[in-house]
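What follows is one structure encoded as structure tokens, with my remarks underneath.
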Protein chains: 2
Amino acid sequence: MGLTIYDIAREAGVSIATVSRVFNNSPRVAPHTRKRVLEVARRLGYQPHVSAQSLARRQAQTVAAIVPMLTNYFFVEVLRGLQDRLAETNFDLLVYAAPTLSDVDAHLERALQRGRSAGVMIFSTPMSPERVERLQRSRQPVVLVDSFHPDFDSVSIDNEQGGYLAARHLLEHGYRRIGLLMAHPDSVPARERRHGYERALREAGLEPDPDLIVASTDPHNHGYTEEGGYEAMKQLLERTPRPEAVFVVSDIMALGALRAVEEAGLRVPDDLGLIGFDDLRVSRFLGLSTLRQPMYEMGKLAAEKLLRRIAELELPVTSTVFAPRLICRRTCAPGARDGQPETAALSQNQT
Amino acid sequence: MGLTIYDIAREAGVSIATVSRVFNNSPRVAPHTRKRVLEVARRLGYQPHVSAQSLARRQAQTVAAIVPMLTNYFFVEVLRGLQDRLAETNFDLLVYAAPTLSDVDAHLERALQRGRSAGVMIFSTPMSPERVERLQRSRQPVVLVDSFHPDFDSVSIDNEQGGYLAARHLLEHGYRRIGLLMAHPDSVPARERRHGYERALREAGLEPDPDLIVASTDPHNHGYTEEGGYEAMKQLLERTPRPEAVFVVSDIMALGALRAVEEAGLRVPDDLGLIGFDDLRVSRFLGLSTLRQPMYEMGKLAAEKLLRRIAELELPVTSTVFAPRLICRRTCAPGARDGQPETAALSQNQT
DNA sequence: AATTGTAAGCGCTTACAATT
DNA sequence: AATTGTAAGCGCTTACAATT
């Protein structure tokens, strides 16, 4: 209760400046003084008051993460990465979990309030000119994750390359007529993935067929939903001739797509090859081939970059691009099985 | 930069006390004064400084949530509930995401530091005497979620009743020889669920058979893992005669259990009925029958209770128990199918 | 040179006094 | 009575001065 630096100073027979120096690991304290102060502090159970420190240091002892909860798995993995890096510091983590992208701005306003945090990390959020302006006006350290803008540090994934790897993987398995399930056409990552897909097809001498590209029309989460994938796949399966394989731009959509395939009485991968993007936890369980984003590492690096910029605001801007990794399971190898035990799932006998 | 209450006061021709009153919605300000101050503040882009407010008000403008990330889904749902309630207040959320239960104490120390937060919520953490003592010494508002102690407000789920409902559901489908897959025997929720299971059996005139109860031996997460469920189910399937149905105390374990059933060449629910506990997102997809915890509501109520106690520390302690809800899918109705479209999954033809 | 102390300042809130 | 202002205080950090 209310134990302050004055109580410790009095009890230890020193000034409050000395107590402060001890707790800030200043070298300008004699060893025996330091020892005495720490002893008294421990005996009385003293802890520095964080709000007072924040005010006096002109720096909050927190950093903020604004994370749209677009997919649970992404969210949790990223958080793990952040947490692990921050645990090594004195910064604690303010989390602004935005249910959808349109909630981001309200949370941003709070996160940017003066004295709230020493810096902010913004995840998977398109950088509109208004947001950029707001961030710059705040004069705060900012790191973007899963998005890009030349004026801010960023950590992202090579979506174009991911789309390329996905399509090429299907091509290598002998599929030729390869469809694409898009999220909302405005989604920047989805568009980049599409470009990679098109590049791979052209490289293989195939012209992308607009008839085999269907976008999710679910208004939620930019179309990244199970329902969106389900509806889009139903449409795609009506094309004649049917596609032999499909690249779905996100695993959550692929779950819905799988259901549509089931209902059409088709078997994966024998009748239709499939590959997703994200590597959700459930993807492993279902044996869904996909491209994994190193989410944990992205979170960790985001924290690292932010800490660096907090320490030194005038650092040059850097952007880091991670390569997605192909995870080959059994939804894209007709007649084959990769044999990984984690790919087993509940047997079904529906048609 | 560094616009303070003094700048606004000067510009508006009032004292800093008046500016402060305006921003604190004090009724003791004349309407025209309020208007002028707000105008000036908006024009200059003034925001109150949160750290300074925290110090002067003797109350941090944050609340802390200590959440072991035992299962992603639980974690994310709870967070949604917290966030939704807190968005209506001026408190922001500090998240301490503990990868395992043993990380909780380190995070607790930080969350309880003076001036850090106005109160803490602790999730799914057994209340050892040491933790209780530490919390009481902090003199901070505390709410427990998914655990219980008579000295603190709490929000939890009726695990005994859940276990009872699970077993009774299996009994009603005609299963008699019903096994139980336990987590680590020390896990309080798992023990309560077991008691419910035993009560249901006895009520049906059956004596629980210790031979049909197998615990997960995975040292991680108190046994609540896919691997733990897999190993335990393998053992259980070796019993003769084999159980006709199994209640698994958590869905994450049920995933592993399903794999073991698959590998044994058995079909669910025809050869073996199964019911879990939690209702993870993947459970819906796999058609796993289970008991759902109202996680979102628990998060929301936890925030509510904490806010109330922050406002009034000497309130009487309350504990709220939520009833789990039976979610009947297709893993426990032999020969039957519940026909919900969301139960579809990837077809498999392994044995 | 090494160590310690004094005092101002961080940006608010609010009790109390003063004014209308 | 309604409105406003003065000044102390929240608990630290740190420049600068003082001491050994």
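Residue numbers start from 1 in every chain, and the chains themselves are labelled A, B, ... in the order their sequence lines are given, proteins ahead of strands.
The ring-ring contact (aromatic ring centres under 6.0 Å, His included) test applied to B:Phe322 returns no partner, not counting sequence neighbours. Applying the salt bridge (Lys or Arg N to Asp or Glu O under 4.0 Å) test to A:Glu109 and every residue at least two apart in sequence or in another chain returns A:Arg134. Residues that satisfy the salt bridge (Lys or Arg N to Asp or Glu O under 4.0 Å) test with B:Asp7, not counting sequence neighbours, are B:Arg10. Scored by the ring-ring contact (aromatic ring centres under 6.0 Å, His included) test, A:Tyr46 finds A:Phe23 as partners (sequence neighbours excluded). Looking at residues two or more places apart in sequence or on another chain, you find no salt bridge (Lys or Arg N to Asp or Glu O under 4.0 Å) involving B:Arg36.
For the contact set between residues 20-32 of chain B and DNA chain C, defined by any heavy atom under 4.0 Å, the members are B:Ser20, B:Arg21, B:Asn24, B:Arg28. Taking every heavy atom of residues 51-63 of chain A and every atom of DNA chain C, pairs under 4.0 Å involve A:Leu55, A:Ala56, A:Arg58, by number.
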What donor-acceptor contacts under 3.5 angstrom involve side-chain atoms of residues 13-22 of chain A, with partners at least two apart or in another chain?
unit_1	atom_1	unit_2	atom_2	d
A:Ser15	OG	A:Ala17	N	3.3
A:Ser15	OG	A:Thr18	N	3.4
A:Ser15	OG	A:Thr18	OG1	3.4
A:Ser20	OG	A:Asn24	ND2	3.3

Extract all donor-acceptor atom pairs below 3.5 Å that involve side chains of residues 149-157 of chain B and protein atoms in other chains or at least two apart in sequence.
unit_1	atom_1	unit_2	atom_2	d
B:His149	ND1	B:Asp151	N	3.1
B:Asp151	OD2	B:Gln136	NE2	2.8
B:Asp153	OD1	B:Arg309	NH2	3.2
B:Asp153	OD1	B:Thr318	N	2.8
B:Asp153	OD2	B:Arg309	NE	2.5
B:Asp153	OD2	B:Arg309	NH2	3.2

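Helix bend of the helix from C:dA1-D:dT20 to C:dT20-D:dA1: the angle between its two end axes, each built from five pairs, comes to 50° after rounding to 10°.
When each of B:Thr18 and A:Ser15 is assigned the nucleotide of DNA chain C bearing its nearest heavy atom, the one mapping closer to the 5' terminus is A:Ser15. Where A:Ala17 and B:Ile5 meet DNA chain C, the nucleotide closest to each residue was compared, and A:Ala17 sits on the side nearer the 5' end.
Taking a heavy-atom distance under 4.0 Å as the criterion, the stretch of DNA chain C touched by chain A extends 5' to 3' from C:dT3 to C:dC12.
The only member of B:Lys35, B:Arg34, B:Arg42 that meets side-chain contact (heavy atoms from CB on, under 4.5 Å) when paired with B:Leu38 is B:Arg34.
Using a cut-off of 4.0 Å between Lys/Arg side-chain N and Asp/Glu carboxylate O, B:Glu312 and B:Arg308 are scored as not salt-bridged.
Around the CG atom of B:Asn90, the shell of radius 6.0 Å holds no more than 12 heavy atoms that belong to other residues, nucleotides or ligands.
Counting only residues at least two apart or on different chains, the salt bridge (Lys or Arg N to Asp or Glu O under 4.0 Å) pairs with a member in residues 78-103 of chain A are A:Glu77-A:Arg80, A:Arg85-A:Glu88, A:Arg85-A:Glu304, A:Asp92-B:Arg110, A:Asp92-B:Arg116.
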Test A:Glu39 against A:Arg43 for salt bridge (Lys or Arg N to Asp or Glu O under 4.0 Å), laying out the working first. CA-CA 6 Å; A:Glu39 222 167 73; A:Arg43 179 157 53 79; over 6 Å; no

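Side-chain N or O atoms of A:Ser147 include none that pairs as donor or acceptor with a backbone N or O of A:Pro126 at under 3.5 Å.
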